[in-house]
J.: 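Before I ask anything, here is the structure I am working with.
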Amino acid sequence: MEGWWSTTGGFFLCLSASLVLQGRANTFTINCSGFDQQGVDPTVFQSVFNKKDFRPVTNFSIPTRINISFTLSAILEVDAQLQLLTSFLWLKLSWNHPFISWDPEECGDIKKLAITAENLWLPDIFIVESMDVDQTPDGLSAYVSNDGHVVYNKPMRVTSICNLDIFYFPFDQQNCTLTFSSFLYTEERMLLGMDKEVWEIMDDSRDRGRTKGEWELLGINKATPKMSVGTSLFDQIMFYVAIRRRPTLYVINLLVPSSFLVAIDALSFYLPAENENRAPFKMTLLLGYNVFLLNISDLLPATGTSLFSVYFALCLSLMVLSLLETIFITYLLHLATTQPPPMPRWLHSLLLRHASPRTCCPAVPQKENTSLGLISTHLSGLKEPGKLGGKELGPKEAELNGGTGLTRAQLADLWVQFGHMMDNLLFRIYLLFLATSVTTILVLWNT
Ligand SMILES: *[C@@H]1O[C@H](CO)[C@@H](O)[C@H](O)[C@H]1NC(C)=O
Ligand SMILES: *[C@@H]1O[C@H](CO)[C@@H](O)[C@H](O)[C@H]1NC(C)=O
Ligand SMILES: *[C@@H]1O[C@H](CO)[C@@H](O)[C@H](O)[C@H]1NC(C)=O
Ligand SMILES: *[C@@H]1O[C@H](CO)[C@@H](O)[C@H](O)[C@H]1NC(C)=O
């Protein structure tokens with residue numbers, strides 16, 4: 001086609017075709033003789049450079065169309081306290097400059113030139129959410145084609161405000177918005193468009209963003225609502241950037257140690273209640289847990305309530321509760337063996353119905369004259385239901401049930417039994433909580 005035009009001498013029309021299409025007869029062809037021999041003569045571009053302070057249009061009623069695309073090459077930081085997302089992107093702006101055109105055939109087949117961007121008019125595209133001044137480096141160039149198409153690439157470190165919700169931390173996803181708009185050109189002066197589809201931007205960002213940091217890019221969506229300020233409408237393009245946190249670091253550094261401590265605390269229920277080591281052991285664990293919580297405070301988000309903090313608080317409360325329970329059981333057992341208080345009837349019948357018969361009687365004579373520590377081995381059998389199950393003590397139960405007055409030894413024994421029942425109950429609650437929290441975390445992780 002080019003050949004046909006040049007043979008007919010109509011290449012001049014071809015160069016200015018875009019201008020003609022817009023209804024303008026003016027042409028601004030650059031005389032490029034000698035481009036390939038002496039380099040570019042700056043004087044031929046001088047007329048273009050002189051007009052750089054104004055929007056390059058031949059008719060000011062015609063809006064300039066700016067095409068925007070970007071590559072999100074890194075997500076540098078997400079600050080939940082300040083609600084800021086810091087990312088790095090390569091912004092590509094392209095537009096048509098009607099005052100630039102030359103014939104590549106005359107110019108040694110040069111179709112593209114890099115021109116210092118300072119000498120050209122640049123659109124004032126900014127990111128609405130940005131909370132930082134634009135730190136574009138100096139001395140960038142723009143590519144100018146012979147048909148007046150200008151492509152301007154610039155790197156940007158964007159600190160944008162983003163509504164961060166850390167409830168599901170560290171299994172959270174965030175949806176941040178980057179809105180591109182013009183500072184001062186309303187939609188009659190400037191229109192924004194895209195020369196790439198969003199999925200292409202997404203793919204480029206995935207390929208470029210090789211960082212294996214904390215955040216992973218999930219997807220990019222766009223919307224193009226107009227922004228109205230006062231009476232004027234501004235064209236804008238909104239990109240929704242969805243990112244997800246990689247939770248491994250937090251799982252290894254927070255969840256695993258915490259789970260181990262809680263598991264040990266749960267296992268310490270197997271220490272016999274009569275053993276005087278149980279309470280100090282739990283106290284040590286509690287202390288250890290507090291030190292752990294102090295250590296991890298840097299890793300947790302500083303503001304907002306996350307499920308994770310709630311989990312830690314629950315674990316801590318549970319450990320405190322288990323310590324309190326141990327103190328209570330120790331007190332109860334001590335009371336039972338020294339001066340057992342009278343037992344309410346309902347508690348008595350409850351115990352007879354639910355407690356295992358084995359603890360009822362054989363241990364009684366020992367209990368009266370042995371220290372708590374020594375009988376502990378006997379009572380530890382309580383925790384394993386499989387070991388219980390002698391039915392031969394049934395008649396003795398009946399005897400107890402029928403008799404209105406209990407001997408002191410029997411009363412003591414019942415109280416001990418009650419203590420163990422309480423112990424067992426709390427142990428079950430503990431296990432239930434553990435199972436629930438583990439399931440919750442697994443479910444959250446998988447969604
Ligand atoms: C372009 O410039 C050269 C010398 O600079 C001149 O000889 C030539 O006539 C010019 N051509 C046009 C079309 O103005
Ligand atoms: C500029 O464009 C508007 C609308 O397209 C048109 O009405 C007007 O005549 C044009 N002005 C000139 C000087 O071409
Ligand atoms: C902008 O993109 C659209 C759609 O891809 C394209 O038709 C148009 O020519 C582009 N305009 C500029 C100035 O790059
Ligand atoms: C992000 O939020 C916007 C609106 O707030 C919504 O249209 C878009 O679908 C969301 N993106 C994702 C990936 O959730």
Side-chain angles (χ1 to χ4, degrees), residues 74-87 159-177 209 211-219 240-269 281-325 426-447:
I75 293 156
L76 300 175
E77 202 188 336
V78 176
D79 189 331
Q81 189 170 11
L82 299 176
Q83 300 268 298
L84 290 177
L85 164 80
T86 309
S87 52
T159 303
S160 58
I161 196 126
C162 177
N163 188 10
L164 299 168
D165 179 11
I166 48 119
F167 183 69
Y168 289 111
F169 171 88
F171 305 103
D172 51 339
Q173 284 181 17
Q174 307 295 348
N175 186 356
C176 293
T177 316
T211 48
K212 283 268 168 281
E214 190 182 343
W215 293 89
E216 177 190 5
L217 186 64
L218 270 190
Y240 301 113
V241 179
I243 52 177
R244 178 171 59 196
R245 201 191 292 266
R246 293 193 173 100
T248 328
L249 168 87
Y250 298 95
V251 169
I252 291 174
N253 287 333
L254 305 182
L255 213 53
V256 171
S258 164
S259 309
F260 277 146
L261 282 174
V262 175
I264 295 173
D265 194 45
L267 284 177
S268 71
F269 274 95
F281 184 77
K282 281 186 184 287
M283 211 118 66
T284 318
L285 276 182
L286 193 62
L287 193 70
Y289 201 73
N290 272 313
V291 172
F292 165 74
L293 285 184
L294 277 182
N295 269 340
I296 59 156
S297 59
D298 285 351
L299 281 177
L300 287 176
T303 45
T305 313
S306 65
L307 218 54
F308 231 45
S309 330
V310 174
Y311 170 74
F312 287 137
L314 271 179
C315 283
L316 188 69
S317 332
L318 218 71
M319 287 172 98
V320 170
L321 265 184
S322 86
L323 182 62
L324 286 179
E325 187 263 357
L426 218 111
F427 181 58
R428 299 249 164 90
I429 293 176
Y430 205 109
L431 287 187
L432 192 71
F433 170 78
L434 273 187
T436 321
S437 54
V438 166
T439 326
T440 315
I441 279 157
L442 285 182
V443 166
L444 285 182
W445 201 351
N446 286 328
T447 49

J.: Suppose the criterion is side chain to side chain donor-acceptor pair (under 3.5 Å): which pairs have a residue in residues 292-315, not counting sequence neighbours?
T.: Ser306-Ser309

J.: Apply side-chain contact (heavy atoms from CB on, under 4.5 Å) to the pair Leu218 and Ile243, showing each step before the final yes or no.
T.: CA-CA 5 Å; Leu218 270 190; Ile243 52 177; 6.0 Å; no

J.: Are side-chain heavy atoms of Ile296 and Tyr250 found at a separation under 4.5 Å?
T.: no

J.: With ring centroids as reference points, do Phe292 and Tyr289 lie under 6.0 angstrom apart?
T.: yes

J.: Run through Val310, Val262, Leu293 and flag the one making a side-chain contact (heavy atoms from CB on, under 4.5 Å) with Cys315.
T.: Val262

J.: Less than 4.5 Å apart, side chain to side chain, heavy atoms only: is that true for Phe167 and Leu307?
T.: yes

J.: Side-chain contact test, heavy atoms from C-beta onward, threshold under 4.5 Å: evaluate it for Lys282 versus Phe269 and give yes or no.
T.: yes

J.: Could you go through Arg244 and Trp215, starting from their C-alpha distance and side-chain angles, then the distance that decides it, and tell me whether this counts as side-chain contact (heavy atoms from CB on, under 4.5 Å)?
T.: CA-CA 6 Å; Arg244 178 171 59 196; Trp215 293 89; 5.6 Å; no

J.: Quick check: are there more than 12 heavy atoms from other residues, nucleotides or ligands sitting under 6.0 Å from CZ of Phe433?
T.: yes

J.: Report yes if some heavy atom in the side chain of Leu316 is under 4.5 Å from a heavy atom in the side chain of Leu286; otherwise report no.
T.: yes

J.: Taking the inter-plane angle between the rings of Phe312 and Phe308 on a 0 to 90° scale, is it parallel (under 30°), tilted (30 to 60°) or perpendicular (over 60°)?
T.: perpendicular

J.: Considering only heavy atoms from C-beta outward, does the side chain of Tyr430 approach that of Leu321 to under 4.5 Å?
T.: no

J.: Taking the side chain from Gln81 and the backbone from Pro301, do they hold a donor-acceptor pair closer than 3.5 Å?
T.: no

J.: side-chain contact (heavy atoms from CB on, under 4.5 Å), that's the test. Do Leu85 and Leu164 meet it? Break it down for me.
T.: CA-CA 9 Å; Leu85 164 80; Leu164 299 168; 5.7 Å; no

J.: Under 4.5 Å between any side-chain heavy atoms of Arg245 and Ile166, yes or no?
T.: yes

J.: With side chains defined as the heavy atoms from C-beta onward, is the minimum distance between Leu285 and Leu261 less than 4.5 Å?
T.: yes

